[in-house]
Amino acid sequence: MDEKTLFLTADRALSAVVAQIKDAQWTMILPKSFRSWSAPDKDLSLRELINYHAFDEAWVPDTLAGKTSEEVGDTYAGDLLGEDPQASYAAIVEKAQAAVEAFTELDRKVHLSYGEWPARDYLQHISLFRGMRSHDIAAEIGADTTMPAELVQSIWDMLKDHAEEWRKLGVFGAAIEVPEDASLQNKLLGLTGREPDQN
């Protein structure tokens, strides 16, 4: 799966989960595993988490356009979800996906908070983030946690030889052992420090 298709698949998986959030769930406080690296002691509500994802989505067109954080400034600061969080989120996602679909310069460097990277690497990074979060958020809201098979395979292929590098950076917790005959999704969950699904 190429980087653009990977992003679109992961992004759509996460969007499908966000669309299932019930009105009463937006204020729920999430487990510590969802907390931001920059605020590890601060409780995080589901709405705050989805607002961060909206922020991350909003940056995609500008990042691919080569803009820096100085150029974008605080354009996307604050509440991006408004009175209709699902509709607001969907509108931001639509712009991000359109930008990715139209993008062709995958080897061009883009400016990220952690350095300059080829656009194809940027898309891999944010696809991994979205793909795994689609599972994690689904589990919290009681939705189906099954990820698209092609997404699981692509993330597995991306991580199987590099998971320890990501783990050293603090992206994943300690690996969790799963049975040899476990599904590929459960192997991926264990590899990334997540408890395997029971279904």
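Not measured: the values here are computed from a predicted model.
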Membership question, hydrophobic clusters at under 4.5 Å side-chain separation (ILVMFWY): are [Y] and [X] in the same one?
X: Val100; Y: Leu112; result: yes
X: Leu30; Y: Tyr89; result: yes
X: Val178; Y: Leu189; result: no
X: Phe172; Y: Trp156; result: yes
X: Leu128; Y: Met1; result: yes

Please assess Gln153 against Met158 for the test side chain to side chain contact (heavy atoms under 4.5 Å, CB included), listing each intermediate value before the final yes or no.
-> CA-CA 9 Å; Gln153 184 68 61; Met158 187 195 316; over 6 Å; no
Look at Lys32 together with Asp43 and state whether they make a salt bridge at an N to O cut-off of under 4.0 Å.
-> no
Charged N to carboxylate O under 4.0 angstrom, Arg167 versus Glu164?
-> yes
Could you tell me which non-hydrogen atom of [X] sits nearest to which non-hydrogen atom of [Y], and how far apart they are?
X: Gly66; Y: Glu71; result: O-OE1, 4.0 Å
X: Asp144; Y: Ala138; result: O-CB, 3.5 Å
X: Gly131; Y: Ala10; result: N-CB, 3.9 Å
X: Leu64; Y: Ala119; result: CD2-CB, 4.3 Å
X: Val18; Y: Gln86; result: O-NE2, 2.9 Å
X: Ser88; Y: Gly82; result: OG-N, 4.4 Å

Going by atom types only, do Thr5 and Asp2 share a side-chain donor-acceptor pair under 3.5 Å?
-> yes
Please check if any side-chain donor atom of Tyr114 sits under 3.5 Å from a side-chain acceptor atom of His125, or the reverse.
-> yes
Could you tell me if the side chain of [Y] sits less than 4.5 Å from the side chain of [X], heavy atoms only?
X: Leu44; Y: Tyr52; result: no
X: Leu123; Y: Leu6; result: no
X: Leu46; Y: Glu140; result: no
X: Pro85; Y: Ile50; result: no
X: Pro118; Y: Arg108; result: no
X: Leu8; Y: Asp11; result: no
X: Leu191; Y: Ile176; result: no
X: Tyr122; Y: Val60; result: yes

Tell me, yes or no, whether the heavy-atom count around Trp117 atom CH2, taken from other residues, nucleotides or ligands under 6.0 Å, exceeds 12.
-> no
Neighbour count above 12 (heavy atom, 6.0 Å) for Lys67 NZ | no
Give the C-alpha distance, both sets of side-chain angles, the deciding distance and a yes or no for side chain to side chain contact (heavy atoms under 4.5 Å, CB included) between Met28 and Ser45.
-> CA-CA 5 Å; Met28 67 188 290; Ser45 71; over 6 Å; no
Without swapping roles, check the side chain of [X] against the backbone of [Y] for a donor-acceptor pair under 3.5 Å.
X: Asp84; Y: Ala87; value: yes
X: Gln20; Y: Ala16; value: yes
X: Arg130; Y: Ile126; value: yes
X: Lys187; Y: Glu180; value: yes
X: Asn51; Y: Asp79; value: no

How long is the span from the [atom1] atom in [X] to the [atom2] atom in [Y], to the nearest 0.5 Å?
X: Phe103; Y: Phe7; atom1: CZ; atom2: CZ; value: 12.0 Å
X: Gln185; Y: Arg194; atom1: CD; atom2: CZ; value: 10.5 Å
X: Trp26; Y: Ile21; atom1: CH2; atom2: CD1; value: 4.0 Å
X: Glu105; Y: Arg120; atom1: CD; atom2: CZ; value: 12.0 Å
X: Ser154; Y: Gln124; atom1: OG; atom2: CD; value: 10.0 Å
X: Lys22; Y: Ile141; atom1: NZ; atom2: CD1; value: 6.5 Å

Is there a side chain to side chain contact (heavy atoms under 4.5 Å, CB included) between His111 and Thr63 once you walk through the steps?
-> CA-CA 7 Å; His111 309 285; Thr63 301; over 6 Å; no
Side chain to side chain contact (heavy atoms under 4.5 Å, CB included) assessment of Ile137 paired with Phe34 = CA-CA 9 Å; Ile137 296 171; Phe34 284 92; 4.2 Å; yes
Salt bridge (charged side-chain N to carboxylate O under 4.0 Å, His left out) test vs Arg12 passes for just one of Glu150, Glu101, Glu57, namely Glu101
Classify the angle between the aromatic ring planes of His53 and Phe129 as parallel (below 30°), tilted (30 to 60°) or perpendicular (above 60°).
-> parallel
